[in-house]
Number of protein chains: 2
Amino acid sequence: MGPKNSVSMKDVARLAQVSVGTVSNVINAPDRVTAPTRIRVAEAIAKLGWVPNESARQLRAGRSRSIGMVVMDISNPFFTDVVKGAEEVLYREQYSVQIGNSDQQPTRELTLLDRFEQQRVGGVLFAPVGDSAERVLALRRRGIPVVIVDRAGISSDFCSVGVDDLVGGRLAGRHLIEQGHRRLAFVGGPSTLTQVRDRRGGIELAVEQAGGDATLLAVSTPGLTLDAGVAAAGDLAALPDGERPTGVFAANDLIAIGLLQGFVTAGLRVPEDIALVGYDDIAFAAAAAVPISSVHQPRAEIGRKSAELLVAEIEAADAEQPHSHETVRFTPTLVVRRSSAGSPPRG
Amino acid sequence: MGPKNSVSMKDVARLAQVSVGTVSNVINAPDRVTAPTRIRVAEAIAKLGWVPNESARQLRAGRSRSIGMVVMDISNPFFTDVVKGAEEVLYREQYSVQIGNSDQQPTRELTLLDRFEQQRVGGVLFAPVGDSAERVLALRRRGIPVVIVDRAGISSDFCSVGVDDLVGGRLAGRHLIEQGHRRLAFVGGPSTLTQVRDRRGGIELAVEQAGGDATLLAVSTPGLTLDAGVAAAGDLAALPDGERPTGVFAANDLIAIGLLQGFVTAGLRVPEDIALVGYDDIAFAAAAAVPISSVHQPRAEIGRKSAELLVAEIEAADAEQPHSHETVRFTPTLVVRRSSAGSPPRG
DNA sequence: TTCGACCATTGAACCGTATCAATACTGGCC
DNA sequence: GGCCAGTATTGATACGGTTCAATGGTCGAA
């Protein structure tokens, strides 16, 4: 239909009666250009509505000011908060962010990394589901820095940021035990996720350390979603009263909120019949039918710190300076709310 | 540190003993290449670990398989659901998506559009906050198709997808009136947002049509967030019992959830003292302290349809075929839950 | 054997910018 | 006036692909 209205630097140069090199300087090094010419060029740019072509710029310059971010589940508020923290830093530093949602599928995760590599992004913030270690090393070999988010210290080959999930899980477990619960349950999955394994490991530790008669039932879910929680609640509710756990620790708040819904539907009261502790402390946990106790992670801070580490690594590489990888492991805290208040039912 | 390990098509061509043109064909038109050479080239690619440079490809080819998406608030589950719907379609169609979060700031919105234009994205899915009509037209003038999301039929210059917010607002208003409420309130803002104006307009309409003594109090908030809802709840709770509205319609579910929290804190019971209806019907509305009635939008469907329209427009442009813009306006429905059940307190 | 048709492959031109050595200009100073 | 130092500007080149006209080779038909 319309004319392929493609105005380039050359057109600007012609209109402003200068060379393309000068136009380039007006953009990238304005102080190298004399005021009158600078103005003439600026006017030409405005008149033609020229917008620099990022592809051409990047092709020539080699580097890119866009960074890629891969998250497991964009509809989990935990990740959107991490994303917002990262965006805040990157926006300020003049990077643009590309968010990719792997939806907990290792295949999609790899596809996203492929695309980022093809686009020669300046760096990648990566919250992995599968074991993409090899793929990530390939990225680094090409010179693309990668920071691992939400899984701290998995390897000393990268910077990484996360919380100590073992500690978090133990906090939750101890709390339930201190409240008097003896039949505990852990709900979450898949256990291919480090986060799930560690959080479960944490509550297992708490149970062992408590000694005595405390037991732990592990309920595995296909994913960390609301629906998975609802389904798991049905399974638990179906157990006879004497066998059903009285204290449940969910691998994240989405599961916890789902469990709560499911319990209510099944006629179980929280916390009177069954106590509940979640993980992440997303805003919606406090607003749930019964406010949910949760292991708090500094979500925005995780995002910010990841972005800062990534920017530092990118700039070190640009300046050909050495860079040593850093592992930042935040310590989680427990926020107690109504869902785990009071003592367990006798039974 | 490491060598700038930049392997290009030329290297592949040399190793495979063919010309770069042939390598290109292996990638883009495999059937033009004889099987033996194809294999030889494939082996060379694998051996060298070559990954095509998207910038170079795009620079030459002119088109781009990445599309930009601008949302108002990435931490609002409504938008993440829309995003997931769009991603589903675009991933299938081999496009990559860049998500930008304007955070309800017109300035950031414009910055994001600028970046997308510089990157010469293939198309843009745009959920606008401000009045960016001019900027959007500039994009189109450059040949970048734009689909307006979550604001249907604002202009016949673009495709657009959304729901009829006037109808949605009226549904909510009618429902509250039918439940016997006479002192109604609308909570939301800023009213620069079409969505907010339309939803308020809808309940105003319902109040007018109901005739009689029904009144509407409009409470303006700075944004559509949880916190804004909590704050507004404080204001409403501070009103004397006889004056306080008994039926409240929130411009979205985040506000509604915030209101609910605020009311509970202030000692007001929902729905006994004050009834509540939200908008969007996000998953968390049903899971709130009191399950919240809400005007349902087909969130994923909005995302899918937007993406489909965008792809159609892009492909029409590629094929130099005419394209006529389409406006898709879904009709919202009301989902009644406990937050608006029962009759108003006498007072 | 010769010719033409057809197909696989080649090679050069180009996309829009950054970069940098070379050049043109300026003003100050002897 | 001539020369020099210091800037402002130029123009050619490279980046890594795609594209397409031109080339070379094969095979069947005459």
Side-chain angles (χ1 to χ4, degrees), chain A residues 4-42 44-45 48-66 115 117-122 142-143 318, chain B residues 4-42 44-45 48-66 115 117-122 142-143 318:
Chain A
K4 272 281 174 209
N5 186 5
S6 191
V7 17
S8 81
M9 237 169 145
K10 218 181 295 179
D11 303 310
V12 174
R14 195 179 313 126
L15 180 59
Q17 316 248 43
V18 296
S19 74
V20 292
T22 301
V23 178
S24 178
N25 280 335
V26 170
I27 302 297
N28 302 304
D31 37 331
R32 305 201 134 211
V33 178
T34 234
T37 31
R38 201 186 319 154
I39 291 172
R40 226 170 50 242
V41 171
I45 289 175
L48 295 177
W50 173 70
V51 173
N53 183 323
E54 181 64 25
S55 293
R57 181 192 293 234
Q58 179 177 331
L59 174 58
R60 175 60 228 236
R63 33 197 146 74
S64 155
R65 291 203 76 78
S66 96
R115 287 190 181 157
E117 183 168 1
Q118 289 178 200
Q119 296 181 28
R120 304 290 194 270
V121 295
R142 181 177 298 281
D318 277 357
Chain B
K4 274 282 177 210
N5 185 5
S6 192
V7 19
S8 81
M9 233 168 150
K10 217 179 296 179
D11 303 311
V12 174
R14 194 178 314 125
L15 180 60
Q17 316 251 42
V18 296
S19 74
V20 292
T22 300
V23 177
S24 178
N25 280 335
V26 169
I27 303 298
N28 302 303
D31 36 332
R32 306 200 133 212
V33 178
T34 236
T37 31
R38 200 186 319 153
I39 291 171
R40 227 171 48 243
V41 171
I45 289 176
L48 295 176
W50 174 69
V51 173
N53 183 323
E54 182 63 26
S55 294
R57 181 196 295 238
Q58 178 175 333
L59 174 59
R60 175 59 227 234
R63 33 199 147 74
S64 155
R65 291 203 78 79
S66 96
R115 287 192 182 156
E117 184 169 1
Q118 290 178 200
Q119 295 182 30
R120 305 291 194 273
V121 295
R142 181 176 298 282
D318 277 359

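Atoms considered below: every heavy atom in the structure, side chains included; atoms not considered: hydrogens, waters and symmetry mates. Here is the naming used below: chain letters follow the sequence lines, and residue numbers restart at 1 for every chain. Since this is a predicted model, take the numbers as computed values, not measurements.
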Quick one: R40(A) CZ to dT9(D) C1', roughly how many Å, whole number? 11 Å

Do the side-chain N or O atoms of S6(A) get closer than 4.0 angstrom to the phosphate oxygens (OP1, OP2) of dG16(C)? yes

Whole-Å distance separating the NZ atom of K10(A) from the P atom of dT17(C): 10 Å

Rounded to whole Å, the CD1-P distance (I39(B) to dA8(C)) equals 15 Å

Could you give the distance from CZ (R120(B)) to OG (S55(B)), rounded to the nearest 0.5 Å? 12.5 Å

In whole Å, I'd like the distance from the CG atom of D11(A) to the P atom of dC15(C). 11 Å

Between dG17(D), dT10(D), dT10(C), spot the one nearest the side chain of V18(B), thanks. dT10(C)

Here the gap from E54(A) atom CD to R57(A) atom CZ, rounded to the nearest 0.5 Å, amounts to 5.5 Å

Are S8(B) and dG16(D) close enough that a side-chain N or O sits under 4.0 Å from OP1 or OP2? no

Atom CH2 in W50(B), atom CD1 in I27(B): separation rounded to 0.5 Å? 4.5 Å

Using a 4.0 Å heavy-atom cut-off, does T37(B) contact any base of the nucleic acid, only the sugar-phosphate backbone, or nothing at all? sugar-phosphate

R115(A) side chain to S66(B) backbone, donor-acceptor under 3.5 Å: no

To the nearest 0.5 Å, what is the distance between CE on M9(A) and OG1 on T22(A)? 9.0 Å

Report each atom pair, protein N/O against N/O of nucleotides 19-26 of chain D, whose distance is under 3.5 angstrom.
from, atom 1, to, atom 2, distance (Å)
dT19(D), OP1, R63(B), NH2, 3.2

Length of the line joining R14(A):CZ and dG11(D):C1', which is rounded to integer Å: 15 Å

dT10(C), OP1 or OP2 - any side-chain N/O from T22(B) closer than 4.0 Å? yes

Could you check how far CD1 of I45(B) sits from P of dG16(D), rounded to whole Å? 16 Å

Classify V23(A) by what it touches in the nucleic acid, base, sugar-phosphate, or nothing, heavy-atom distance under 4.0 Å. nothing

Between T34(A) (side chain only) and P36(A) (backbone N and O only), is there a donor and an acceptor less than 3.5 Å apart? no

To the nearest Å, give me how far apart CD1 (I27(A)) and P (dT9(D)) are. 15 Å

At less than 4.0 Å, is any side-chain N or O atom of W50(B) found next to OP1 or OP2 of dG17(D)? Yes or no. yes

Can you identify which nucleotide, out of dG17(D), dT17(C), dC15(D), has its nearest atom closest to the L59(A) side chain? dC15(D)

CD of Q58(A) to CZ of R65(A), rounded to nearest 0.5 Å, is 11.5 Å

Base, sugar-phosphate, or nothing for T34(A), non-hydrogen atoms under 4.0 angstrom? sugar-phosphate

Interatomic distance where CG belongs to N53(A) and P belongs to dC14(C) [whole Å]: 18 Å

